[in-house]
*Asks:* 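My structure is below; once you've seen it, I'll send some questions.
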There are 2 protein chains.
Amino acid sequence: MSSDKITIHDIARILNVDSSTVSRALNNSPRVTEKTKNRIIAKAQELGYQRNDLASNLRKNKTNTLGVIVPRISRHFFSSAIAGIEETAYNLGYNVIICQSLEQLEREQNTVNTLLANRVEGVLVSISMETKNYEHFEGLRKRKIPFVFFDRHLNVPETSSVLIDDFQAGFDATEHLIIKGCKKIAHFSGPMDLEIYKNRFAGYKAALLKHHIKFNDELIFNSRLMEQDGIENADKIIGLPYKVDGIFSANDVAAISALQQLKRNDFKIPEDIAIVGFSNEAISAVIEPSLTTINQPGFNIGKRAAELLISQISGNNGSVIDEKIIIQANLVERDSSQKNQGNK
Amino acid sequence: MSSDKITIHDIARILNVDSSTVSRALNNSPRVTEKTKNRIIAKAQELGYQRNDLASNLRKNKTNTLGVIVPRISRHFFSSAIAGIEETAYNLGYNVIICQSLEQLEREQNTVNTLLANRVEGVLVSISMETKNYEHFEGLRKRKIPFVFFDRHLNVPETSSVLIDDFQAGFDATEHLIIKGCKKIAHFSGPMDLEIYKNRFAGYKAALLKHHIKFNDELIFNSRLMEQDGIENADKIIGLPYKVDGIFSANDVAAISALQQLKRNDFKIPEDIAIVGFSNEAISAVIEPSLTTINQPGFNIGKRAAELLISQISGNNGSVIDEKIIIQANLVERDSSQKNQGNK
DNA sequence: CTGTTAGCGCATTCAT
DNA sequence: ATGAATGCGCTAACAG
């Protein structure tokens, strides 16, 4: 009844064999007779034996575990990325420990230590908004634990990243607005320490340049792109002496709250103003038809990042250690002419 | 340089003390002189020592780890719940291992074993759509590992659950439509093995009864409530010989895809048809103003569930072991008169 | 094919 | 206040 704490020794004693035989049998070693193997497995099942992975991993000095650090698990982009990571990890026999930094550097540092203490064999990380340098990842390097950045990265030598092509996405977004006829295009930008926001901003500027539209510093609204920021940005836009006719927002949260705030002030979207914002699969499924979005392929990024990391762990990376994998984001314009939606 | 594999023995050797002293010092035991303690801590830091939690946990027979099983991490309700779980766990010094069942019973069974092998001290679970009985949780019970269901639960004796009041939510949703003037209200229901769908359906029927509207079996569309199901449901509604004027969908995914499909077929929402669907914080933030939603407080449910579980682990549950905590969901009607949105 | 022995890294009892 | 000895549960090297 009480199947509390059954060990291989318990099984061994009952069956009059040695615990090492039990261990071998349970690990399906070829060095045990089919007959005893079956006896052992049957008894183990009967007693409800469960291997203690702590002990096993300690002994083997191998955990088959990856660490993941994301800013916030409840952001859909990250939970999709985790789903992608898990799929790859699961198929390749790895477990995953997930940690949140909650956008705080200090917590990010702590999570690295937690992962280290848990002897993960590799780490996937998307840095917090507060993260400016990679000191706290040096411990991983020293211990030769490979790590791969995804989406939000730092330029660390000999470290790979899996990224969205943010420059291109920013360029596409802005050009899309220009082609629609917009002349005064505002940009909601994020912390410039983060490559992704820098690159999106660069894409914005490049598109203006290409189309001979003068860059206007007044139209750049820098913030942390939270819900409240979008509202405030919208208010500022409304307050400007001239008319803004387009917005390219570097994320969806601010884009959506700005959109709602504009509507509350009787702006018509997109007649008065057109918006492009980064988004993700869930939100873009329900978003306003008027809001063009750039799809962030979280699942694929997670998948690719995990594949890359595991290949580095296994050492079958043909000298490619400082690789940047660039994944294209898709500009998705939603309108009622889009018929063929939602198939599988 | 190579801070590979530093153990307490390494530190002990260098400092000419015993490893047990190092262990004590590193655990801030009062049984070591401040002086040696400082020397040890300094040296540990210098060498980049990191405790091996595998060994530590094995020795202590204590992992301070909770397991979480959810159907799919990328569904916002679940990732919010996980965020709530993590907050509580983090504050109380617990780690969390997250597993996905991907709605498959077999994977759910496997995850239980994985968690068992990892010697978690408690488990939080939201069951898959395929789960009909609790055999595979018996191993937890036998090992005296407490587990708590959240959101999707089974009636297991002596097991607590943290739930949304689905009956009430279903009732509110349906009554809302009736008060709006709807007479022919369709219901998109989910698998009836799951309590949540059963209860939402019961709430629907109760509201009809209260308002003397005859129940019509033809208006019940049972499915797994995926995107494609919503589209198919919408098509069926369009094909009916009489006019449906309201829909109560038991989840958001099907509600949204149905809504889009109806629009594509020139139905006006909500003039032709009104919809209430369960939803979550992210989606309700961007959802059509015309679509009334029922907010699912994922974060709070996760938080409460984790608190309950940890209190059971600690044994300071005053004999309350089979508790049902019911959390109210909020009906949120979105319309343009809603001014004061998005404030922190 | 199976048993014996050893030790992964740590925390803890008991001794001094 | 510190050291010595032990074992958590498991796997692996070496015997036989």
*Asks:* Could you pull out all residues at least two apart from B:Phe149 that satisfy ring-ring contact (aromatic ring centres under 6.0 Å, His included)?
*Replies:* B:Phe137, B:Phe147
*Asks:* Let me know the distance between NZ of A:Lys35 and C1' of C:dT2, rounded to the nearest Å.
*Replies:* 14 Å
*Asks:* Output the rounded distance in Å from CG (B:Leu54) to C1' (D:dC10).
*Replies:* 12 Å
*Asks:* Quick one: what's the B/S/- string for nucleotides 10-16 of chain C, heavy-atom cutoff under 4.0 Å, read 5' to 3'?
*Replies:* BBBBB--
*Asks:* Minimum heavy-atom separation for B:Gly93 and B:Asn64, please, with both atom names.
*Replies:* O-OD1, 3.5 Å
*Asks:* Tell me, please, which residues at least two apart from B:Asn27 pass side-chain contact (heavy atoms from CB on, under 4.5 Å).
*Replies:* B:Ser23, B:Arg51
*Asks:* Quantified as the angle between the terminal helix axes (five pairs each), what is the overall bend of the helix from C:dC1-D:dG16 to C:dT16-D:dA1 to 10 degrees?
*Replies:* 40°
*Asks:* Atom CG of A:Asp10 to atom C1' of D:dC10: distance rounded to whole Å?
*Replies:* 13 Å
*Asks:* Quick check on salt bridge (Lys or Arg N to Asp or Glu O under 4.0 Å): which of A:Lys144, A:Arg143, A:Lys60, A:Lys62 does A:Glu121 satisfy it with?
*Replies:* A:Lys62
*Asks:* To the nearest Å, give me how far apart CG (A:Leu15) and P (C:dG3) are.
*Replies:* 10 Å
*Asks:* Under the side-chain contact (heavy atoms from CB on, under 4.5 Å) test, which residues partner A:Ile325, sequence neighbours left out?
*Replies:* A:Val162, A:Arg304, A:Leu308, A:Glu323, A:Ile327
*Asks:* Figure out the CD/P separation between A:Glu34 and C:dT2, and round it to whole Å.
*Replies:* 11 Å
*Asks:* I need the CD1-P distance between A:Ile40 and C:dG3, as an integer number of Å.
*Replies:* 8 Å
*Asks:* Write down the distance between CG (B:Asn38) and P (D:dA1), rounded to a whole number of angstrom.
*Replies:* 14 Å
*Asks:* Output every pair passing salt bridge (charged side-chain N to carboxylate O under 4.0 Å, His left out) with a member in residues 124-136 of chain B, not counting sequence neighbours, ordered by first then second residue.
*Replies:* B:Lys132-B:Asp193
*Asks:* So, using side-chain hydrogen bond (donor to acceptor under 3.5 Å, both in side chains) as the criterion, who are the partners of A:Asn110 when residues are at least two apart?
*Replies:* none
*Asks:* Run the salt bridge (Lys or Arg N to Asp or Glu O under 4.0 Å) test against A:Arg72 and tell me which residues pass, sequence neighbours left out.
*Replies:* none
*Asks:* The side chain of B:Thr33 is closest to which nucleotide in this list: D:dA1, C:dT2, C:dC8?
*Replies:* D:dA1
*Asks:* Could you check how far NZ of A:Lys37 sits from P of C:dC1, rounded to whole Å?
*Replies:* 10 Å
*Asks:* Which residue pairs satisfy the side chain to side chain donor-acceptor pair (under 3.5 Å) criterion with at least one member in residues 98-109 of chain B, sequence neighbours excluded?
*Replies:* A:Glu86-B:Gln100, B:Glu103-B:Arg152, B:Glu108-B:Thr131, B:Glu108-B:His136
